[in-house]
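Each remark here refers to the structure printed beneath this line.
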Amino acid sequence: MKYLKLAQLYEELSSTTKRLEKIDILSKFLKQLSEKDKDVLYLLLGEIYPEYDERRIGISNQIAIKALSKATGIESKKIVAEWKAIGDLGKVAEKFTLHKKQSTLHSYCLETEKVLENLRKLPELEGKGTVGKKLGLITELLTSADPIEAKYLIRTLIGDLRMGVQESTIRESLAVAFFKKEDSSKVQLAIDKSNDVAIVFEICKKGKLKDLEKINLEVGKPIKAMLAQKAKDIEDAFRQLGKPLAIEYKYDGFRLLIHKKNNKVSLFTRRLENVTKQFPEVEQYIRDFIKGDSFILDSEAVGYDKKTKKYTDFQAISQRIRRKYNIGDLQKKLPVEVNIFDVLYYNGKSWLEEPFEKRRKLIEKIITKHPYKLIYSRFKKTSSKKEIEEFYKQALKNNQEGIMLKNLDAGYKPGRRVGHMLKLKPETNELDLVITGAEWGAGKRGGWLSSFILSCRKGKKFLEIGKVGTGILEKETEDNKITFENLTNILKPLIVKEKGKSVTIKPKIVVQVHYQDLQRSPNYESKWALRFPRITLLREDRGVFDIASLEEIEKDFKEQKRENWKFG
Ligand code: AMP
């Protein structure tokens with residue numbers, strides 16, 4: 001399919017802010033889109049792969065500017081000046097490509113296949129020479145682009161399509177195009193199960209609503225975990241979840257999604273990484289203590305001290321996720337207990353739509369509890385504020401993070417931060433962020449990266465929010481591995497650009513950061529700055545899309561100001 005046709009669709013979608021009009025435009029487009037062009041659905045979301053795939057385009061504004069300069073022959077300086085004046089790099093690309101087009105004939109017509117081919121090569125590149133190769137791939141596309149194609153190519157590259165199309169818009173447009181508007185929940189369920197809009201489009205295109213039901217969860221293929229929102233306090237939880245509700249301990253470990261089929265067990269982290277090999281004992285617990293031929297379960301694995309049997313925090317067991325050798329030793333030293341809290345699929349049938357209370361009953365039926373090996377989460381159904389307070393106190397006393405509060409009637413929504421599962425924990429100034437830059441150290445720290453730039457997320461973009469250099473050790477200790485040397489080793493292969501002492505780092509390494517305060521700041525892209533941040537943990541179990549979003553940070557800030565709620 002011609003990329004020009006897609007760019008024209010983008011243009012049409014951008015021309016209205018009305019949701020219903022967007023759905024109308026998009027559904028007409030989808031109706032005439034052929035099955036072989038199904039991957040265009042990823043492009044509509046600004047992506048190149050299905051959602052469960054972590055490969056993202058991830059091009060900085062700087063690289064986009066350079067490529068534009070190469071393709072149009074216009075100096076970077078002039079592009080930057082124009083960008084500052086009109087505030088949209090896409091429009092700058094459109095304008096300068098128009099100038100160029102008037103003097104030259106472009107080489108060939110851009111096809112969406114070619115765009116996808118080049119874009120898909122971008123995340124594969126790492127290490128030395130990366131920038132040059134990326135520039136080559138992008139420039140090749142821009143040189144063949146018409147002005148409006150250039151506009152949307154640039155916007156796609158920098159992750160800012162500005163069309164107001166989300167997964168929900170696609171879901172409703174698919175329903176309108178091929179079935180009825182009311183069927184959009186069925187389309188959504190198919191998207192949830194497959195995590196793949198292109199596959200769902202393909203089935204919709206065949207026109208049989210019943211066929212959507214054939215999309216099932218696939219045991220062994222990682223599925224995104226359902227995420228929680230924050231509750232301000234118990235009253236807030238009652239408001240959002242109704243009465244009675246379910247409460248559970250919020251275990252302080254790492255998320256583990258458990259799949260079993262034909263006696264084959266697979267374990268996935270929340271980043272969808274397969275960690276089965278790292279946890280041979282867990283594999284065995286699953287075979288021994290859970291009844292069923294096939295299932296997908298959701299759980300939290302928590303570390304404990306072998307002697308005292310006291311639960312430890314995530315940091316204590318984080319090594320187990322990484323370690324690929326001498327697993328036996330580590331397994332003895334750092335044992336984990338698996339706490340099952342949900343079921344998504346059981347013996348050939350999806351349980352996503354079943355109410356949580358029913359799912360919980362199934363868990364209790366199929367699991368034989370073995371404390372310090374595998375159990376199901378501590379659970380209580382209650383309408384009493386007092387009982388919740390007691391439960392919360394107990395959880396904290398047991399070294400857990402707090403409690404989870406859940407709606408008893410709600411289904412399981414993969415990958416979504418839902419309002420029917422809430423977390424309540426003591427207020428700490430703590431955020432998960434990603435490292436996007438650093439500086440080479442001098443003197444004692446020569447040869448090591450020292451000061452690190454931290455970023456939060458806005459949609460698919462990463463925005464700087466602080467710099468951290470303190471609290472990092474020169475030498476590692478038994479329970480703190482955050483040293484300059486270790487960070488340098490992890491980050492060095494991810495360097496994408498160097499300028500003097502500063503380096504730009506591909507956003508991949510997620511860290512937990514404690515800070516004293518948050519303040520507004522004109523110096524950072526996020527317009528916020530963390531005061532006195534310290535890196536307290538490497539969160540290897542988390543991906544870049546798990547980090548704090550700008551909206552969450554701003555919401556937290558407002559709430560902290562309004563009422564400083566703390567438990568008893
Ligand atoms: P947070 O990481 O602060 O967003 O809190 C949500 C995380 O708490 C989930 O992703 C799980 O890893 C973890 N968790 C611990 N205990 C539970 C539980 N009983 N139910 C659901 N999630 C839990």
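Just so you know, residue 1 is the first one in the sequence shown, and it goes up from there. Ligands are counted one by one from 1 in listed order, and the atoms in each one are counted from 1 as well. We use all heavy atoms of the structure for the numbers below, so side chains are in, but hydrogens, waters and symmetry mates are not.
Not a single heavy atom of Arg539 sits under 4.0 Å from any atom of ligand 1. Ligand 1 lies within reach of Arg270, whose nearest heavy atom is under 4.0 Å from it.
Using modelled atom types and a 3.5 Å distance limit, the side chains of Gln516 and Asn429 yield no donor-acceptor pair.
Arg287 forms no cation-pi arrangement with Tyr285, by the criterion of a distance under 6.0 Å to the ring centre and an angle within 45° of the ring axis. Judged by the 6.0 Å and 45° rule, Arg270 forms no cation-pi pair with Phe254. A cation-pi arrangement is present between Arg55 and Tyr49 under the rule of less than 6.0 angstrom and at most 45 degrees off the ring axis. Both the sub-6.0 Å distance and the 45° axial angle are satisfied by Arg539 relative to the ring of Phe314. Cation-pi contact between Lys243 and Phe238: present, with separation from the ring centre below 6.0 Å and deviation from the ring axis of at most 45°.
Close contacts of ligand 1 with Glu248, meaning ligand atoms under 4.0 Å from a residue heavy atom, involve 18 (C), 19 (N), 20 (N). Interface atoms of ligand 1 facing Tyr249, defined by a heavy-atom separation under 4.0 Å, are 16 (N), 17 (C), 18 (C), 19 (N). Residue Lys425 approaches ligand 1 through these ligand atoms, each under 4.0 Å from one of its heavy atoms: 3 (O).
Nearest protein heavy-atom contact of atom 22 (N) of ligand 1 is Phe341 CZ, 3.4 Å. Taking atom 9 (C) of ligand 1 as the reference point, the nearest protein heavy-atom neighbour is Arg255 NH1, 3.3 Å. The protein heavy atom nearest to atom 2 (O) of ligand 1 is Arg542 NH2, 3.1 Å. Protein heavy atom nearest atom 16 (N) of ligand 1, with residue, atom name and distance: Tyr251 N, 3.0 Å. At the shortest separation from atom 4 (O) of ligand 1 among protein heavy atoms lies Lys423 NZ, 2.5 Å. Of all protein heavy atoms, the one lying nearest to atom 14 (N) of ligand 1 is Glu300 OE1, 3.6 Å. Among all protein heavy atoms, the one lying closest to atom 20 (N) of ligand 1 is Lys406 NZ, 2.9 Å.
Between Tyr311 and Tyr304, the ring planes are perpendicular. Angles over 60° get that label, and only those under 30° would be called parallel.
Looking at Glu401 and Lys250, a side-chain N of the basic residue comes within less than 4.0 Å of a carboxylate O on the acidic one, giving a salt bridge. A salt bridge links Arg255 with Asp298; the closest basic N to acidic carboxylate O contact falls under 4.0 Å. Taking the charged nitrogens against the carboxylate oxygens, Glu213 and Lys186 have no contact shorter than 4.0 Å, which rules out a salt bridge.
When non-hydrogen atoms are compared, ligand 1 lies under 4.0 Å from the backbone of Lys250 as well as from its side chain. When non-hydrogen atoms are compared, ligand 1 lies under 4.0 Å from neither the backbone nor the side chain of Glu401. No part of Met226 comes within 4.0 Å of ligand 1, judged by heavy-atom distances. Residue contacts with ligand 1 for Phe254 are absent, since no atom lies close enough (heavy atoms, distance under 4.0 Å).
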